[in-house]
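Proteins get letters first, then strands, A, B, ... in listed order; numbering begins at 1 in each.
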Number of protein chains: 2
Amino acid sequence: MVEVSTPLRDTATRMLDVAERLVQQRGFNAFSYADIAAELGVTKATLHYHFASKAALGSAVIDRYALRFFEALAAIDARGGSAEERLAGFVDVYANVLRDQRMCLCGMLAADQLTLPDSMKAPVLEFFDRTVAWVASVLERGVADGSLAPIGSVTEAAKTLVWSIEGAMLVARAYDDVPSFERAATQLIQALVRR
Amino acid sequence: MVEVSTPLRDTATRMLDVAERLVQQRGFNAFSYADIAAELGVTKATLHYHFASKAALGSAVIDRYALRFFEALAAIDARGGSAEERLAGFVDVYANVLRDQRMCLCGMLAADQLTLPDSMKAPVLEFFDRTVAWVASVLERGVADGSLAPIGSVTEAAKTLVWSIEGAMLVARAYDDVPSFERAATQLIQALVRR
DNA sequence: GTCTATAACGAGATAGAC
DNA sequence: GTCTATCTCGTTATAGAC
């Protein structure tokens with residue numbers, strides 16, 4: 001029997017929710033335990049019980065974000081569709097984050113890279129490695145069926161697309177201009193389509 | 001007669017130098033007056049004499065950075081050359097910043113946008129507006145002589161290029177991988193070349 | 001123009017009661 | 001699991017001597 005009096009999300013989970021949003025909106029160095037505590041209506045000491053240090057909290061935020069992100073990419077694959085449709089789905093994952101006035105978590109952490117706790121540095125790069133690998137797999141499919149014609153190697157083209165989308169997201173968010181992000185992303189994909 | 005005993009750069013200028021580098025490397029929220037004071041061998045109080053607040057310092061950093069950046073773009077124009085050559089020169093400006101392990105100042109501040117002092121927010125967006133306008137002028141030239149064939153409008157293509165280069169720079173810096181930045185930028189430009 | 005000294009506050013983190 | 005209370009340190013900023 002499920003305990004019905006259990007809150008929908010426990011404190012640790014709600015803490016991750018708030019921390020994730022604050023990192024995406026403000027960066028790792030521009031939020032504090034006090035910010036989260038105020039929002040959740042608990043004390044800072046409570047938060048330290050769940051995540052002893054800010055570094056531990058940050059690592060947990062990355063882990064959960066990456067888990068969900070790559071689940072979303074797997075869902076795109078599961079849906080099937082052409083390479084071009086999959087790339088559109090990929091862009092839509094980013095657009096949905098941006099609509100929430102958030103930057104990609106790892107794009108934000110890339111900006112903070114030099115000041116991050118050591119334990120957080122590698123996971124950020126792994127996120128990009130895996131993302132580029134997924135996009136490369138989509139480009140492979142498009143090259144195989146003749147629908148896509150990237151300029152350099154598939155891996156280089158994937159890297160260019162992912163890194164570029166991060167930049168479009170970064171600047172579009174500063175303008176609070178989601179449509180411009182979508183136009184830029186569409187242009188980047190069109191550059192890969194055989195014409 | 002020039003005063004020869006004058007230091008090569010006065011304190012205010014050296015302060016701007018250090019602050020600029022720290023913003024580009026660490027972000028606006030991850031450096032302090034104490035960091036600059038330690039590096040220059042003066043006290044924090046001395047720094048507050050030159051720039052009363054961190055917001056004033058930040059604004060001065062943006063102003064000087066923008067001045068130099070658009071001088072560099074003007075120099076590219078003065079040199080003449082094809083649209084493609086001018087875009088290569090544009091990318092080289094960014095690559096030289098990246099070689100110093102720095103992010104574009106305004107790209108970094110775009111990440112910090114939500115937490116910036118109000119006085120710094122508009123200048124960051126103006127930097128991007130002006131940069132896109134310059135790139136658009138180069139694309140116009142390329143379209144006019146038939147060497148370039150951007151996918152959408154010239155302005156949209158310029159926006160895509162500038163925002164994408166910011167992202168390539170952001171992620172490449174996290175990897176400390178300048179060659180990958182240059183390959184990505186080359187691909188972005190190639191996508192604009194008539195083939 | 002630079003200094004010493006300090007104010008006023010917020011950060012991350014811990015001890016120990018409940 | 002959450003609280004109160006506290007520690008230590010770093011932050012921006014100012015007053016006033018030199």
- Query: Contacts to DNA chain D from residues 28-36 of chain B, heavy-atom cutoff under 4.0 Å, which residues?
  - Reply: B:F31, B:S32, B:Y33, B:A34
- Query: Less than 4.0 Å between a side-chain N and a carboxylate O, is that true for A:E20 and A:R102?
  - Reply: yes
- Do B:R183 and B:S180 get their side chains close enough for a donor-acceptor pair, meaning under 3.5 Å? yes
- Query: Do B:V23 and B:Y65 come within less than 4.5 Å of each other through their side chains, counting heavy atoms only?
  - Reply: no
Polar-atom pairs under 3.5 Å, protein N or O versus N or O of nucleotides 2-6 of chain C: list them with distances, or write none.
from: C:dT2; atom 1: OP1; to: B:T11; atom 2: OG1; distance (Å): 3.0
from: C:dT2; atom 1: OP2; to: B:T11; atom 2: OG1; distance (Å): 3.3
from: C:dT2; atom 1: OP2; to: B:H50; atom 2: NE2; distance (Å): 2.8
from: C:dC3; atom 1: OP2; to: B:T43; atom 2: N; distance (Å): 2.8
from: C:dC3; atom 1: OP2; to: B:T43; atom 2: OG1; distance (Å): 3.2
from: C:dC3; atom 1: OP2; to: B:T46; atom 2: OG1; distance (Å): 2.7

- Rounded distance in Å - NE2 (A:H48) to P (C:dG16): 17 Å
- Message: side chain to side chain donor-acceptor pair (under 3.5 Å) for B:T13 and B:D10? Distances and angles first, verdict last.
- Response: CA-CA 5 Å; B:T13 305; B:D10 63 18; 2.6 Å; yes
- Salt bridge present between A:R26 and A:D112 (N-O < 4.0 angstrom): no
Show me, pair by pair, the donor-acceptor contacts under 3.5 angstrom made by side chains of residues 116-129 of chain A, not counting sequence neighbours?
from: A:D118; atom 1: OD1; to: A:K121; atom 2: NZ; distance (Å): 3.3
from: A:D129; atom 1: OD1; to: B:Y175; atom 2: OH; distance (Å): 2.6

- Would you call the rings of B:Y33 and B:H48 parallel, tilted or perpendicular, where under 30° means parallel and over 60° means perpendicular? parallel
- Provide, to the nearest angstrom, the distance between the NZ atom belonging to A:K54 and the P atom belonging to C:dT14. 15 Å
- How long is the line joining CG of B:L40 and P of C:dG1, in whole Å? 15 Å
- Message: For the CZ atom on A:R194, are there more than 12 heavy atoms of other groups (residues, nucleotides or ligands in this structure) within a distance under 6.0 Å?
- Response: no
